Amino acid sequence: MELNIKEQNTYETIAKIINGELTRKEAAFELNKSRQQIYNLIKIYNEQGKEGFIHKNKGKIPSNKLSRKIIEEIESLYLDEYYDFNFEAFYEELMENKKYKGKYDISYSSLHMHFLNDDIISPIAHKETIKLYNERMNNAINNNEEIQEDKVELFHSRQIAFEKAHIRRSSNMYAFGQEIQMDASPKIWFGDVVTHLHLAIDKGTKKVLCGWFEYEEITRAYFILLFNTIINYGIPKRIKTDNRTTFSNQENKVDTTQFGRICIDLGIELITTSIPTAKANVERENGVFKNRLIAELRHEGIKDIDEANKYLNEIFIPKINKKFSYEIDEKSSMMKLNNYSEQELNLIISERFTRIIDNASSIKYDNKYYIPINPETGEVTCFMKKTECKFIITYNAEYWCEIEKSYYKLVELEDRNATMKKEKDNNKPIEKKKIIPPKDHPWRKNMMLR
C-alpha cells in the first residue's frame, strides 16, 4: 500500500532527521507537530520503516458507512413521493414521520452530499448548483448516456420550476412607480472623508432611479433625488423613507415638513417607518453599492465629490440597472406623467418660510433684506406693510417669494438704510438755520433783567 502525499512528506522529513539534514526543532516547525510527536515518529521510522507511516484505517470500510442499497432506497423515495420537497424538508420528513422514523440512520450532510453526487438537486438550489446541474444533465442527454428515468423527469420538472421562480414575488405585487424607497448610507466611499450616499429605488423593478453624494444626510439631497426621478421617469404614487426630521416631525406628521408639503403638492403619498426591513430594497441596494462602488471609485482614482456624483449617475447606476433590475412594464406602470416644466418643478421642489413685508416693502431672511421684482417686467413691486408672503428657496437655490398667489423674484439689497435716505447735493454746503427766540421768551426776559 502506497503513502499519500501527506504521509510521504512526513516520512521524508523524519528521514532527514535520521540523516542529520534537519534538527528535531526544524522538523517540528515544518510538520507543525510537537517535539514529543517528532520523537514518536522517529521511533516508528526505526521500528516499522516506511509502512509505519500509513494510516491504520486506510483501506478499511468505516463501521458507520451507509450501504449503497440504503442510499438508493432513500433517493427512490425522494424521486417518487417527495420530488418537490427541498432537502431539509425531506430530511425532517424522514426523521419525524412515523412511517420512516428510526428506519434510516443518516445525517443531513450525508444525505445532501449523496443527492448532489447522484445529480439530484433541491428546488431551491443556488444558481451555481443549478448551472452545473444543467450542464451535466444536458451533456448526458446529448451523449445518449444511460440515465435513470426518474432523474430525467426530475430534471425537466426542475427547469419548469426554475423558470417560474425567476420572477420575484415583489415584482408581481408591485408595479413601476407604485413605491419608491429612499435612504442614505454613510461610508468612506472615496478619498478619506465620510460621505452620505442618497439613493432612490423602485420596489417593483429594483431599478436605481437616482443617487447623490453629500457630506451630510440633508434635505437638499432628497430634493435632488425627487427632482431627477420626476424629470427622468415621472411622478411616483408613493415614497417610503425613514423617520428622520426631513420627512416627519411632531408625532410623525409628514405634512409639517418641507418634503411632506412638496409630496402633497405633487399628489405623492409619503410613508415613513423606523423599521429597516420595511424598506428592504434600498437597504439591500446599499449593500450592493458598498461591495462594488467603493472599489470602482478607488480604481478610477476619484476623490472629489463632484466627480463621484458624475461617475455614479452616468456610469455606475446604468450598469447596475442593466445587470440587476427588470424592464419597465408601461402597461402596468403607476408612474404618473410629468406635466410640469422644469421652471415649475423648480418652484414646487423648494423650501418655503412665512415672512412679513416691512414698511420699506422688503423681506428679511437670514439677516439680509430682499425686494420683490416682477419676473416679466423686471420692475420693483411694492406692497403694503405687514403683508404676509412665502419666502422660497427654489431647487436651483434661487430666491423667490409668493405674494397674493403670484410669484416674484427676490433681489438682495446691499444697504437697506440707503434706500430710506433722501438724495442730497454733495456740492452744496449744508447751511444751519439760526433759531432766534421771541422777545417774550423767558430766557430773553432773564437776560434783560440781568
Side-chain angles (χ1 to χ4, degrees), residues 180-202 206-233 236 239-247 257-260 262-263 270 272 276 279 281-325 342-343 345-353 365-366 368 392-400 412:
I180 306 299
Q181 297 178 6
M182 293 185 178
D183 197 16
S185 175
K187 194 80 175 174
I188 301 178
W189 296 95
F190 53 88
D192 54 1
V193 180
V194 174
T195 51
H196 288 68
L197 173 60
H198 302 71
L199 290 177
I201 313 295
D202 175 64
K206 313 299 180 293
K207 191 177 292 294
V208 184
L209 305 182
C210 185
W212 196 256
F213 284 113
E214 287 287 354
Y215 290 109
E216 298 291 339
E217 186 175 359
I218 58 176
T219 302
R220 173 156 180 77
Y222 289 105
F223 284 2
I224 292 171
L225 297 185
L226 180 59
F227 185 90
N228 283 280
T229 297
I230 294 172
I231 290 295
N232 296 322
Y233 298 98
I239 292 177
K240 184 179 284 186
T241 65
D242 54 22
N243 280 334
R244 64 176 283 108
T245 53
T246 295
F247 309 108
T257 65
Q258 298 286 353
F259 196 92
I262 293 168
C263 288
L270 179 60
T272 63
K279 45 187 181 63
N281 298 92
V282 70
E283 297 289 350
R284 189 183 300 113
E285 207 66 42
N286 282 332
V288 173
F289 275 54
K290 287 175 183 177
N291 292 335
R292 294 170 177 263
L293 181 57
I294 295 174
E296 289 197 21
L297 291 175
R298 181 202 56 77
H299 182 264
E300 296 294 328
I302 294 174
K303 297 182 180 179
D304 179 72
I305 194 168
D306 293 331
E307 292 180 7
N309 278 320
K310 184 178 180 181
Y311 183 86
L312 172 68
N313 287 285
E314 294 182 5
I315 299 174
F316 186 78
I317 288 178
K319 181 168 60 177
I320 288 293
N321 285 338
K322 185 178 180 181
K323 186 175 182 65
F324 295 112
S325 70
E342 287 196 21
Q343 181 60 33
L345 281 177
N346 186 44
L347 287 168
I348 294 171
I349 303 177
S350 59
E351 294 181 81
R352 301 191 174 208
F353 308 94
Y365 177 78
D366 197 21
K368 295 180 181 179
I392 304 171
I393 304 175
T394 64
Y395 172 79
N396 59 8
E398 293 179 346
Y399 287 174
W400 286 65
E412 183 184 349

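Note that the coordinates shown come from a computational prediction; the quantities given were computed from them, not determined experimentally. For this chain, numbers begin at 1 and follow the sequence in order.
- Residues Ile317 and Leu312 have side chains in contact (heavy-atom distance under 4.5 Å, counting atoms from C-beta outward).
- Nearest heavy-atom pair across Leu225 and Ala200 is CD1-N, 4.1 Å.
- Side-chain contact between Trp212 and Asn313: present, with at least one pair of heavy atoms (C-beta onward) separated by less than 4.5 Å.
- Counting only heavy atoms from C-beta outward, the side chains of Lys187 and Leu197 never approach each other to under 4.5 Å.
- Counting heavy atoms from C-beta outward, Thr241 and Lys279 have side chains that stay 4.5 Å or more apart.
- Here the closest non-hydrogen pair linking Thr257 and Thr245 is CG2-O, 3.6 Å.
- Formation of a donor-acceptor pair under 3.5 Å by the Asp304 side chain with backbone atoms of Asp306 is found in this model.
- Side-chain contact between Ile320 and Glu285 is present, with heavy atoms from C-beta onward closer than 4.5 Å.
- When all heavy atoms of Glu214 and Ala221 are compared, the pair lying nearest together is CG-CB, 3.7 Å.
- Asn286 places no side-chain N or O within donor-acceptor distance of the main-chain N or O of Ala184, the cut-off being under 3.5 Å.
- Put simply, CD1 on Ile348 and SG on Cys263 are 12.0 Å apart, with the number rounded to the nearest 0.5 Å.
- Counting heavy atoms from C-beta on, the side chains of Phe259 and Met182 come closer than 4.5 Å.
- To the nearest 0.5 angstrom, Lys240 atom NZ is 11.5 Å from Leu270 atom CG.
- Between the CG atom in Leu226 and the OG1 atom in Thr219 there is a gap of 12.0 Å [rounded to 0.5 Å].
- Although no hydrogens or angles enter the test, the distance criterion places no donor-acceptor pair under 3.5 Å between the side chain of Asn321 and the main chain of Lys207.
- Between the side chain of Gln258 and the backbone N or O of Thr246, no donor-acceptor pair lies under 3.5 Å.
- A salt bridge links Arg244 to Glu217: at least one charged side-chain nitrogen sits closer than 4.0 Å to a carboxylate oxygen.
- With hydrogens and angles ignored, the 3.5 Å screen pairs no side-chain donor or acceptor of Asn346 with any backbone N or O of Glu342.
- The distance from the CZ atom of Arg298 to the CD1 atom of Ile188 is 14.5 Å, given to the nearest 0.5 Å.
- For the residue pair Asn228 and Cys210, the shortest heavy atom distance occurs at CB-SG, 3.8 Å.
- A donor-acceptor pair under 3.5 Å is formed between the side chain of His196 and the backbone N or O of Tyr215.
- Other residues, nucleotides and ligands contribute more than 12 heavy atoms inside 6.0 Å of the NZ atom of Lys290.
- One N or O on the side chain of Gln181 and one on the backbone of Val282 form a donor-acceptor pair closer than 3.5 Å.
- With contacts defined as side-chain heavy-atom distances shorter than 4.5 Å, the pair Lys319/Arg292 does not qualify.
- For the atom pair Thr229 OG1 and Ile180 CD1, the distance stands at 6.5 Å (nearest 0.5 Å).
- A 6.0 Å sphere centred on CD of Glu216 holds no more than 12 heavy atoms belonging to other residues, nucleotides or ligands.
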Exercise for review: Could you walk me through whether Phe289 and Val208 pass side chain to side chain contact (heavy atoms under 4.5 Å, CB included), step by step?
Suggested key: CA-CA 11 Å; Phe289 275 54; Val208 184; 4.1 Å; yes

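- Seen from the ring of Tyr395, Arg220 counts as a face-on cation partner, given the 6.0 Å and 45° thresholds.
- The aromatic rings of Phe247 and Tyr222 stand perpendicular to each other, their planes meeting at an angle above 60°, with 30° marking the opposite boundary.
- Separating the CD1 atom in Ile224 from the NE2 atom in His198 is a distance of 8.5 Å, to the nearest 0.5 Å.
- Between Tyr311 and Glu296, some side-chain heavy-atom pair lies under the 4.5 Å cut-off.
- The minimum heavy-atom distance linking Phe213 with Thr195 is given by the pair CD2-OG1, 4.0 Å.
- The side-chain contact (heavy atoms from CB on, under 4.5 Å) with Arg352 is formed by just one residue from the set Ile392, Ile262, Ile393; it is Ile392.
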